[in-house]
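These notes are about the structure you will find just below.
Residue indices begin at 1 and follow the sequence shown.
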Amino acid sequence: MIPKDVEKLIQKYPLVANLVQLKETAWFNPNITSLTDGLSYVRLSEQDVKDASDRLARFAHYLCKAFPETAVTKGIIESEVVAIPNMRAALESRYQHKITGSLFLKKDSHLPISGSIKARGGVYEVLTHAEKLAIENGLLTEKDDYTKLFSERFTQFFSRYSIAVGSTGNLGLSIGIISAKLGFKVSVHMSSDAREWKKQKLRSHGVNVIEYQQDYSVAVEKGRKAAESDPNCFFVDDENSKTLFLGYAVAGERLKKQFTEMNIKVDKQHPLFVYLPCGVGGGPGGVAFGLKLTFGDDVHCIFAEPTHSPCMFLGVYTGLHDHISVQDIGIDNITAADGLAVGRPSGFVGRAMERLIDGYYTINDQEMYDLLGLLNQQQHIQLEPSALAGMLGLLHVEKNSTYLERIKVSPEILTNATHLVWATGGGMVPEEEMGKYLSLAKI
């Protein structure tokens with residue numbers, strides 16, 4: 001029985017009925033606008049992203065020393081873009097659809113330090129806080145060699161302060177690992193869906209892991225309250241942090257450089273479609289913002305969510321944003337895609353980016369497992385289930401003629417399109433755990 005208030009919502013927003021019934025559903029936003037018109041709603045600028053890029057450059061030498069695995073990229077936390085032609089052929093066969101554009105994978109799943117997209121925003125947030133504290137206390141200037149932070153003096157200084165975060169897993173990993181390395185006392189408040197191996201990895205780094213039987217929202221609320229009682233504790237707010245958002249946004253300029261090196265064009269005749277798994281929204285929202293600043297109206301970003309956790313889809317589609325949760329319409333928010341198990345979206349990201357995100361779609365858990373198995377079979381790339389959420393985006397795009405007409409992409413132009421699936425996690429999954437994921441694939 002559907003509650004009356006949900007029935008009223010369905011009358012006004014018919015696709016809510018599909019979400020309630022856990023049907024895989026796509027919606028392309030009729031209110032998307034140009035970057036010029038949409039930028040004012042974000043209230044962040046290209047200069048803000050440049051400042052973030054400059055800050056990461058200042059920390060590059062420190063990161064090389066603290067995390068030797070970043071030396072190959074000279075201390076820049078970045079992932080490769082790879083063509084996946086075998087996966088493209090497998091998708092064509094499985095879904096009986098001829099794909100007209102080219103297909104690539106952005107392997108944020110294998111970012112150094114924490115093995116997920118959260119290494120972009122999470123590490124950046126902590127570095128920003130550390131820099132601020134050190135400068136305010138006269139221990140650092142922006143002209144210094146930041147390798148000095150990798151010393152007992154700074155470790156002792158940062159140990160006077162603490163950091164807290166609420167997480168389903170991957171953000172907690174990035175915040176916990178970088179905070180502990182710098183010397184902060186750090187607590188990660190983890191929701192019921194967080195994987196055990198992620199908790200153990202954090203503890204191995206000396207992180208205080210606090211577990212809850214409730215979902216992400218409760219973990220965040222508890223973490224925020226605990227931080228409020230300690231004046232020296234900084235709470236990383238995944239729902240509202242503009243610093244996190246800007247850390248993700250740096251990805252845009254870097255992708256452009258990678259595309260230039262790969263001779264991949266992006267312009268009106270060669271559109272770019274990017275498919276981003278979405279949880280609370282900070283990661284995909286920040287990346288999408290950076291992409292729009294870099295490629296303008298020639299890039300089209302689509303968010304993908306589990307059928308059991310379609311919070312951003314629900315928030316933007318109804319215009320209610322963070323004033324509605326999936327639980328409000330009877331959805332349980334329980335999904336194998338643990339990094340996406342969020343019931344209530346970021347109000348900041350939803351309102352800032354609603355005119356710049358082209359569309360949203362949902363995917364069921366078994367489909368993610370199947371795609372995980374298919375990618376492993378065809379390309380020998382192993383990811384977390386949530387990282388496969390974006391893999392079906394190109395099918396939704398290519399099959400929706402109304403949407404393509406709206407954005408003025410003709411069938412001829414579509415043949416020149418680049419489809420980029422943003423892989424968000426999986427690089428640090430233990431072999432035994434990965435084996436369990438793969439065993440659930442029905443291919």
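For the pair M353 and V42, the minimum side-chain heavy-atom distance is below 4.5 Å. No side-chain heavy atom of L133 sits less than 4.5 Å from a side-chain heavy atom of L139. L356 places none of its side-chain heavy atoms less than 4.5 Å from the side chain of Y41. Under the 4.5 Å side-chain criterion, counting only non-hydrogen atoms from C-beta, F234 is not in contact with K132. With contacts defined as side-chain heavy-atom distances shorter than 4.5 Å, the pair V250/V49 qualifies. The shortest distance between side-chain heavy atoms of L63 and I178 falls below 4.5 Å. Proximity of P271 to V299: side-chain heavy atoms (C-beta onward) are nowhere separated by under 4.5 Å. Residues N170 and I117 fail the side-chain proximity criterion, which asks for heavy atoms closer than 4.5 Å.
Side-chain N or O atoms of E384 include none that pairs as donor or acceptor with a backbone N or O of S109 at under 3.5 Å. Side-chain atoms of S174 come within 3.5 Å of backbone N or O of K118 as a donor-acceptor pair. Judged purely by atom type and a 3.5 angstrom limit, Q258 uses its side chain to pair as donor or acceptor with the backbone of S79. Formation of a donor-acceptor pair under 3.5 Å by the S159 side chain with backbone atoms of F184 is not found in this model. Using modelled atom types, one side-chain atom of D370 and one backbone atom of K442 make a donor-acceptor pair closer than 3.5 Å. Side-chain atoms of S151 come within 3.5 Å of backbone N or O of K148 as a donor-acceptor pair. For the pair N86 (side chain) and Q378 (backbone), a donor-acceptor distance under 3.5 Å is present. Q379 contributes a side-chain N or O that, together with a main-chain N or O of M87, makes up a donor-acceptor pair within less than 3.5 Å. At least one donor-acceptor pair under 3.5 Å links the side chain of T362 to the backbone N or O of K23. Using modelled atom types, no side-chain atom of E305 and backbone atom of I363 make a donor-acceptor pair closer than 3.5 Å.
With sequence neighbours excluded, the residues satisfying ring pair (Phe, Tyr, Trp, His ring centres under 6.0 Å) with Y13 are Y317. The salt bridge (charged side-chain N to carboxylate O under 4.0 Å, His left out) check on D48 picks up nothing, with sequence neighbours excluded. N137 pairs by the side-chain hydrogen bond (donor to acceptor under 3.5 Å, both in side chains) definition with nothing, not counting sequence neighbours.
Taking all atoms of both residues into account, the shortest heavy-atom contact from V220 to F235 is O-CZ, 3.6 Å. Residue G172 comes nearest to V165 through the heavy atom pair CA-CG1, 4.3 Å, listed as atom of the first residue, atom of the second, then distance. In this structure, P345 and I324 approach most closely via the heavy-atom pair CD-O, 3.7 Å. What you find for V349 and G285 is that their closest heavy atoms are CG1-CA, 3.9 Å. Minimum interatomic distance between A304 and A389 (heavy atoms only, all atoms of both residues): CB-O, 3.3 Å. Listed here is the closest heavy atom pair of F154 and A134: CE2-CB, 4.0 Å.
For the atom pair CG (L111) and CD (E69), the distance works out to 11.0 Å, reported to the nearest 0.5 Å. Put simply, CD1 on I443 and CG on L371 are 9.0 Å apart, with the number rounded to the nearest 0.5 Å. In this structure, CG in D37 is found 12.0 Å from CD1 in I32, a value given to the nearest 0.5 Å. Distance check, rounded to the nearest 0.5 Å: CD1 of I357 to NZ of K292 gives 7.5 Å. Here NE2 of H110 is found 6.5 Å from CG of L383. Values are rounded to the nearest 0.5 Å. Put simply, CD on E80 and CG on D108 are 11.0 Å apart, with the number rounded to the nearest 0.5 Å.
Around atom CZ of R203, more than 12 heavy atoms belonging to other residues, nucleotides or ligands sit under 6.0 Å away. Crowding of E261 atom CD: a count of heavy atoms from other residues, nucleotides or ligands under 6.0 Å exceeding 12. Within a 6.0 Å sphere centred on NZ of K107, heavy atoms belonging to other residues, nucleotides or ligands number more than 12. For E432, the CD atom is loosely surrounded, since the number of other residues' heavy atoms within 6.0 Å does not exceed 12.
Within the structure, ring pair (Phe, Tyr, Trp, His ring centres under 6.0 Å) contacts touching residues 324-362 (residues at least two apart or in different chains) are W27-Y360, F245-F348, F303-Y360, Y361-H396. Evaluation of the ring pair (Phe, Tyr, Trp, His ring centres under 6.0 Å) test over residues 421-443, restricted to residues two or more places apart or in two chains, returns none. Listed by first then second residue, pairs satisfying side chain to side chain donor-acceptor pair (under 3.5 Å) with a partner in residues 240-253 read S53-E253, E125-S241, D237-N240, not counting sequence neighbours.
A salt bridge links E221 with K225: at least one charged nitrogen is closer than 4.0 Å to a carboxylate oxygen. With salt bridges taken as basic N to acidic carboxylate O contacts below 4.0 Å, none links E196 and K201. One finds a salt bridge joining R120 and E78 here, because a Lys/Arg side-chain nitrogen approaches an Asp/Glu carboxylate oxygen to under 4.0 Å. Under the 4.0 Å criterion applied to side-chain N and carboxylate O atoms, D51 and R55 are not assigned as salt-bridge partners. R344 and D322 are not joined by a salt bridge, as no carboxylate oxygen comes within less than 4.0 angstrom of a charged side-chain nitrogen.
By the 30° and 60° cut-offs, the orientation of the rings of F273 relative to H419 is parallel.
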Next item on the list: Test side chain to side chain donor-acceptor pair (under 3.5 Å) on N232 and S162 and set out the steps.
Entry: CA-CA 6 Å; N232 284 336; S162 57; over 6 Å; no
Next item on the list: In sequence, state the C-alpha distance, the side-chain angles, and the governing distance for M190 and Y212, and then conclude on side-chain contact (heavy atoms from CB on, under 4.5 Å).
Entry: CA-CA 6 Å; M190 302 192 87; Y212 299 92; 5.9 Å; no
Next item on the list: Start with the C-alpha distance between F28 and V397, add both sets of side-chain angles, then the distance that settles side-chain contact (heavy atoms from CB on, under 4.5 Å), and finish with yes or no.
Entry: CA-CA 9 Å; F28 286 91; V397 165; 4.1 Å; yes
Next item on the list: Evaluate the criterion ring pair (Phe, Tyr, Trp, His ring centres under 6.0 Å) for residue pair Y161 and F157; output intermediate values, then yes/no.
Entry: CA-CA 8 Å; Y161 301 90; F157 168 69; 5.5 Å; yes
Next item on the list: Could you walk me through whether H321 and E354 pass the side-chain contact (heavy atoms from CB on, under 4.5 Å) test, one step at a time?
Entry: CA-CA 10 Å; H321 298 293; E354 65 180 323; 3.4 Å; yes
Margin query: If you apply the rule side-chain contact (heavy atoms from CB on, under 4.5 Å), what do you find for L293 with L39, and how did you get there?
Written below: CA-CA 9 Å; L293 285 176; L39 197 56; 3.9 Å; yes
Next item on the list: Please assess T168 against D338 for the test side chain to side chain donor-acceptor pair (under 3.5 Å), listing each intermediate value before the final yes or no.
Entry: CA-CA 6 Å; T168 62; D338 54 306; 5.4 Å; no
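Donor-acceptor pairing under 3.5 Å is recorded for the side chains of N333 and S309. Between the side chains of H308 and D365, not a single donor N or O lies within less than 3.5 Å of an accepting N or O.
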